[in-house]
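Reading through the structure tokens given below for one structure.
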Amino acid sequence: MTAEAPIAPALSYGRLIPVTVHFDDLDALGMLHNARYPLLVERAWTEFWEANGVRFEGDWASAGDACNVVKELLIGYDAPVTRTGTYAVHLWLERLGTTGLTYGFRFCSADGGATYARGTRVLVRLDAATLRPTPWSEGFRAAGRALLRPAD
């Protein structure tokens, strides 16, 4: 299968985070396994949030904004990734609510020009003691606002 990835518009919002596809990420057909896309996206988000002071260090009671859960994940595959090497994940926020958010992502070429997969994920921040939704901190919201996709 040698389909060409659709060309994406220039990056005008969000952040492009480099990721690496290794040989063991490929399936028996030599394509990036479908379950690896969300994993690589998660690693890109973790890198972004850790750079902004949000990290989980083993203690849910003090995890703050890192104490969150996935409510929904949607992903569509545009073209197969058939080689190892450096790629990127284009990250942005579609919505930043009081206790939840929706982020968008594209798994793409290292320069962001070709798109292989795209999707959205909904997260909800939880209070570690009650496991009920709780508001994002102002620091988290400030970092998130920088990633909000402009309205069309």
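Considering every non-hydrogen atom in both His90 and Tyr13, the closest pair reads NE2-O, 2.8 Å. When all heavy atoms of Asp111 and Ser109 are compared, the closest pair comes out as OD1-OG, 2.6 Å. Closest heavy-atom contact between Thr84 and His22: CG2-C, 3.5 Å. Among all heavy-atom pairs drawn from Val81 and Leu26, the shortest one is O-CD2, 4.4 Å. The two atoms that bring Val89 and Leu40 nearest to each other are CG2-O, 4.1 Å, heavy atoms only. Across Val19 and Ala44, no two heavy atoms sit closer than the pair CG1-CB, 4.2 Å.
Counting heavy atoms from C-beta outward, Ile75 and Phe105 have side chains that approach closer than 4.5 Å. Looking only at side-chain heavy atoms (C-beta outward), Ile17 and Leu91 come within less than 4.5 Å of each other. Within the 4.5 Å cutoff, side-chain heavy atoms of Leu96 are placed close to those of Leu148. At a threshold of 4.5 Å between non-hydrogen side-chain atoms, the residues Phe107 and Tyr87 count as touching.
To the nearest 0.5 Å, atoms CH2 (Trp60) and CG (Asp127) are separated by 12.5 Å. Leu74 contributes atom CG, which lies 13.5 Å from atom CZ of Arg118 (distance to the nearest 0.5 angstrom). Within the model, atoms CG of Leu101 and CG of Leu123 stand 5.0 Å from one another, a figure rounded to the nearest 0.5 Å. To the nearest 0.5 Å, the span separating CG on Asn34 from CG on Leu39 amounts to 12.0 Å. The CG atom of Leu126 lies 8.5 Å from the OG1 atom of Thr134; values are rounded to the nearest 0.5 Å.
Listed for the Asn52 side chain is no donor-acceptor partner under 3.5 Å among the backbone atoms of Val54. Remark: side-chain polar atoms of Arg141 are paired, donor with acceptor, to backbone N or O of Gly97 under 3.5 angstrom. Without hydrogens or angle criteria, Arg125 side chain to Pro135 main chain gives a donor-acceptor distance under 3.5 Å. Judged purely by atom type and a 3.5 angstrom limit, His33 uses its side chain to pair as donor or acceptor with the backbone of Ala35. With Arg55 contributing its side chain and Glu50 its backbone, the two residues share a donor-acceptor pair below 3.5 Å.
Ring planes of Tyr37 and Tyr77: perpendicular class, angle over 60° (limits at 30 and 60°). Relative orientation of the Trp49 and Trp45 rings is parallel, given thresholds of 30° and 60° on the angle between their planes.
Linking ILVMFWY residues whenever their side-chain heavy atoms come closer than 4.5 Å, directly or via other members, leaves Val122 and Val69 in distinct clusters. Under a hydrophobic-cluster definition in which Ile, Leu, Val, Met, Phe, Trp and Tyr are linked whenever side-chain heavy atoms come within less than 4.5 Å, directly or via other members, Leu131 and Val124 are assigned to the same cluster. Under a hydrophobic clustering in which Ile, Leu, Val, Met, Phe, Trp and Tyr are joined whenever their side-chain heavy atoms come within less than 4.5 Å, directly or via other members, Val70 and Tyr103 fall into the same cluster.
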- [ ] Tell me, with the steps shown, if Phe48 and Leu147 meet side chain to side chain contact (heavy atoms under 4.5 Å, CB included).
- [x] CA-CA 11 Å; Phe48 172 81; Leu147 290 181; 3.3 Å; yes
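Heavy-atom neighbours of Arg132 CZ from other residues, nucleotides or ligands within 6.0 Å: at or below the threshold of 12. Crowding of Arg95 atom CZ: a count of heavy atoms from other residues, nucleotides or ligands under 6.0 Å exceeding 12.
Classification of Glu94 and Arg121 as a salt-bridged pair fails, no side-chain N sitting under 4.0 Å from a carboxylate O. A salt bridge links Asp25 with Arg36: the distance from a Lys NZ or Arg NE/NH1/NH2 to an Asp or Glu carboxylate oxygen falls below 4.0 Å.
There is no side-chain donor-acceptor pair under 3.5 Å between Thr115 and Asp78.
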